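Positions are given from 1 along the sequence. Bear in mind the structure is a predicted one, so any value in this text is a computation, not a measurement.
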Amino acid sequence: MKKRVVSALLITTMLTSMLAGCGKTAGHGGAVNEDGIKEFTAFFAVPGTEINDDNEVQQLIAEKTGCKVKETWLTGQTAEEAVGTFIAGGEYPDFIDGGNGSVQLYEAGALVALDDYIDKYPNIKEFFTDQEWDAIRQDDGHIYWIPQFTNIYGEERECTQNGEAFWIQTRVLEWAGYPEVRTMDQYFDLIEAYNEANPTMEDGTENIPYTILCDDWRYFCLENAPQFLDGYPNDGSVIVDPETQKIIDYNTTDTAVKYFKKLNEEYKKGIVDQESFTQTYDEYIAKLSTGRVLGMIDQWWDFAYNAEDAIKSAGLDKQGCQYVPLPITIDESITNQWHNSGGELNVSSGLAITTSCEDVEGALQFVNDLLGQEVHDLRFWGVEGVDYVVGDDGMFSRTQEMRNNASDTAYKASHLCSYSYFPQWVGTSRDGKNAMRPDGQEDEFYDGLSDSVKNCFAAYGVKTYVEMLGTSPAPGPWYPMYTFSNSMTTSTPGGTAWTLMGETKHQYLPKVVMADDFDAAWDEYMEAYNACHPEDFLSEMQTELDRRIEEAAKYE
């Protein structure tokens, strides 16, 4: 097992920030409280919102499962720093998702191998095929975490574009008469024209035409658009040519140059938010929540559950401030792949159980119970009669009051409990009728839309966000390649190059966008980029691509 050296200075820094950054997350190991309920702890290396200790649905789940989990989230640190803090202290919560620090936890010996347990828990066993379970194994042959998301049960049902897109507010499209917007140039032309004619919101607040989130790992909102603009899916760190099965570096393509040159032009015009490269994630969300921002690139999950909810709660949906995705490519000849069918197995991280947990079987039983249909419905639909109703045909739906509650911050904290970073299904419920989650229930999804979004959809002849983009077939068996690059460390030449490439892009891409002389800035960036030896990274990605194709062939 590979070990990494953590400097004394880094350890000091980590320990100093441990209490502020990670909260009280020491493992309880399933200690039983005065109500006879086992209590576990969990830490997730992403920002999140803690629910109230007396949360009603959490208590209902506890009564059915005999367990509850105190969840804490990342605050004020990177995932790697937070994970490093735990490793330095040697004490862990019972459950953990280390995000980009998951490999650190594995290399530190902090995680329990799950192989010997999985067969004992039918809902967990059912969660992946044998091929998928094998894909999660680490280099010692064991399984240490369970990827939680985008796993489809039964029929695939998606109404939202959960992934990345060029988003635009419906008021912009309505003002222009709902035009076809297919290319990056058309997108920015439309935003420019709208802002020139409508520089402020109804209350006089000045619009922000286009903003870019560039905070820490979320700089994907700046850097990875060229892969989509050239019509490829979200492999994240590289393009895979499906015909030649060769790795392509999207950072250096002609489209990358055109994209960043366009951002440079729009920055000089004042269309790109001048605060783009200094704003934090919280500041970005606060900005979107005001309804001022006309457009941006982002992933739905990164803004919808806070900014979109805030826009609806403030009534700004009536002004057309909600976002819809557009099928943007570099030119109209290219078919976009912003949305693909099929799930994404992120083998680089997931829910793990740590060596501090003294009741591993109890912890896994809880995960197993969370995947049972009754508890799964509680997690994502809520309480029947309170959060949803069941029609004579057995279909779930919500009243408008229930929908309003589901997007209300205070209500969510006191009542709803999705255990959102535990394994979960999308797709169709085991009843064969309903969707696993409300956002996959077609009629409920559509009935819950604001009039501005419904009008927009009607103009384009669609009923879902996904239909705004179209759906492409599932990519090849290698997909997605970012699940490999996310697990790279500096122990290999390719991992070292990957780290340096990331640092270089963080440093230079904002300069490229803001430069007075784009060509000179791009040349300077390319010189620094090539000094990172990206060929080492691309070579290891090609090796992994070949391995994944070979492994998949064994199951054909």
Side-chain angles (χ1 to χ4, degrees), residues 149-150 152 156-170 172-173 178-188 190-191 210-213 218-242 248 250-251 253 255-256 258-260 262-263 294-304 308 322-346 426 439-440 445 453 456-457 460-476 478-483:
F149 308 110
T150 71
I152 301 166
E156 183 174 4
R157 296 166 73 170
E158 281 192 282
C159 301
T160 58
Q161 160 63 359
N162 194 48
E164 201 158 333
F166 275 94
W167 300 90
I168 196 166
Q169 290 184 329
T170 57
V172 180
L173 296 171
Y178 300 111
E180 292 294 326
V181 186
R182 294 283 310 283
T183 70
M184 176 180 67
D185 288 339
Q186 293 166 358
Y187 176 83
F188 280 107
L190 174 57
I191 283 181
Y210 185 83
T211 195
I212 304 170
L213 176 61
R218 286 184 169 89
Y219 88 129
F220 63 79
C221 298
L222 170 66
E223 68 91 26
N224 72 7
Q227 65 179 335
F228 296 107
L229 290 171
D230 270 336
Y232 292 99
N234 189 18
D235 271 297
S237 51
V238 292
I239 288 170
V240 176
D241 184 322
I248 298 171
Y250 64 67
N251 296 288
T253 60
T255 293
K258 291 177 183 175
Y259 164 68
F260 285 107
K262 187 67 178 178
L263 291 183
L294 303 182
M296 73 286 177
I297 287 180
D298 201 350
Q299 304 224 10
W300 172 259
W301 52 262
D302 201 34
F303 71 92
E308 273 276 310
Q322 287 180 281
Y323 297 96
V324 294
L326 292 174
I328 303 295
T329 52
I330 198 66
D331 67 59
E332 292 190 33
S333 67
I334 295 173
T335 300
N336 88 84
Q337 288 198 65
W338 291 95
H339 184 84
N340 293 85
S341 62
E344 288 184 21
L345 181 62
N346 183 358
V426 294
D439 56 8
F445 167 81
V453 175
C456 177
F457 282 179
Y460 290 103
V462 303
K463 284 200 164 184
T464 70
Y465 292 90
V466 169
E467 290 173 355
M468 286 288 289
L469 299 171
T471 299
S472 299
W478 56 80
Y479 185 77
M481 291 300 293
Y482 70 78
T483 63

*Phe149: what forms a ring pair (Phe, Tyr, Trp, His ring centres under 6.0 Å) with it, not counting sequence neighbours?*
Tyr421
*About how many Å separate CH2 of Trp300 and OG1 of Thr160, when rounded to the nearest 0.5 Å?*
6.5 Å
*Looking only at heavy atoms, which two atoms of Gly236 and Asn224 are closest? And how far apart?*
O-CB, 4.2 Å
*Does some side-chain heavy atom of Glu158 sit less than 4.5 Å from a side-chain heavy atom of Glu156?*
yes
*Closest approach of Lys258 and Met184, non-hydrogen atoms and distance?*
O-CE, 3.8 Å
*Would you confirm whether the ring centroid of Phe303 sits within less than 6.0 angstrom of the ring centroid of Trp167?*
yes
_Run the side-chain contact (heavy atoms from CB on, under 4.5 Å) test against Thr464 and tell me which residues pass, sequence neighbours left out._
Cys159, Phe445, Val466, Glu467
_Minimum heavy-atom separation for Ile191 and Gly295, please, with both atom names._
CD1-CA, 4.3 Å
*Compare all side-chain heavy atoms of Ile334 with those of Leu229 and state whether any distance is below 4.5 angstrom.*
no
_Test side chain to side chain contact (heavy atoms under 4.5 Å, CB included) on Val426 and Arg157; report intermediate values, then the result._
CA-CA 7 Å; Val426 294; Arg157 296 166 73 170; over 6 Å; no
*Given Gln169 and Gln322, is the side chain to side chain contact (heavy atoms under 4.5 Å, CB included) satisfied, shown in steps?*
CA-CA 5 Å; Gln169 290 184 329; Gln322 287 180 281; over 6 Å; no
*Among residues two or more places apart or on two chains, list those pairs meeting salt bridge (charged side-chain N to carboxylate O under 4.0 Å, His left out) that have a residue in residues 178-187.*
Asp185-Lys262
*What residues, two or more places apart in sequence or in another chain, satisfy ring pair (Phe, Tyr, Trp, His ring centres under 6.0 Å) together with Tyr479?*
none
*Would a 4.5 Å heavy-atom cut-off, applied to side chains only, mark Tyr187 and Ile168 as touching?*
yes
*Applying side chain to side chain contact (heavy atoms under 4.5 Å, CB included), run through Leu222 and Leu213 and close with a yes or a no.*
CA-CA 7 Å; Leu222 170 66; Leu213 176 61; over 6 Å; no
*Hey, is the main chain of Pro226 close enough, under 3.5 Å, to the side chain of Thr255 for a donor-acceptor pair?*
no
*asked:* My understanding is that only residues two or more places apart in sequence, or in another chain, count here; which of them pass salt bridge (charged side-chain N to carboxylate O under 4.0 Å, His left out) with Asp331?
replied: none
*Quick one: CG on Asp439 to CG on Asn162, what's the gap to the nearest 0.5 Å?*
7.5 Å
*Do Phe188 and Leu263 have side-chain heavy atoms sitting under 4.5 Å apart?*
yes
*With sequence neighbours excluded, give me every salt bridge (charged side-chain N to carboxylate O under 4.0 Å, His left out) pair touching residues 219-237.*
Glu223-Lys505
*Hey, mind stepping through Tyr482 and Glu344 against side-chain hydrogen bond (donor to acceptor under 3.5 Å, both in side chains) and telling me if it holds?*
CA-CA 11 Å; Tyr482 70 78; Glu344 288 184 21; 2.7 Å; yes
*About how many Å separate CD of Gln299 and CZ of Arg218, when rounded to the nearest 0.5 Å?*
10.5 Å
*Does some side-chain heavy atom of Met468 sit less than 4.5 Å from a side-chain heavy atom of Pro327?*
no
*Side chains of Met481 and Val240 in contact at under 4.5 Å (non-hydrogen atoms)*: yes
*asked:* Treating Gln337 as the side-chain partner and Asn340 as the backbone partner, does any N or O pair qualify as donor plus acceptor under 3.5 Å?
replied: no
_Atom of Pro325, atom of Ala165 and distance for their closest heavy-atom approach_ = CB-CB, 3.7 Å
*Is the side chain of Asn336 donor-acceptor paired with the backbone N or O of Thr329 at a distance under 3.5 Å, no angle test?*
no
*Answer whether the closest heavy-atom distance between the side chains of Asn234 and Gln227 falls below 4.5 Å.*
yes
*To the nearest 0.5 Å, what is the distance between OG1 (Thr150) and CH2 (Trp301)?*
12.0 Å
*Quickly, which of Tyr259, Trp338, Phe220, Tyr250 forms a ring-ring contact (aromatic ring centres under 6.0 Å, His included) with Phe228? Name it, please.*
Trp338
_Min side-chain heavy-atom separation Val181-Phe166 under 4.5 Å_ = no
*Closest heavy-atom pair and its distance - Leu173, Pro179*: O-CD, 3.8 Å
*Please walk me through it: do Tyr210 and Ile297 pass side chain to side chain contact (heavy atoms under 4.5 Å, CB included)?*
CA-CA 9 Å; Tyr210 185 83; Ile297 287 180; 3.4 Å; yes
*asked:* For Tyr465 and Phe457, take the angle between the two ring planes, folded into 0 to 90°, and tell me which bin it lands in: parallel under 30, tilted 30 to 60, perpendicular over 60.
replied: perpendicular
*Heavy-atom pair of closest approach, residues Ile152 and Gly342*: CD1-C, 3.7 Å
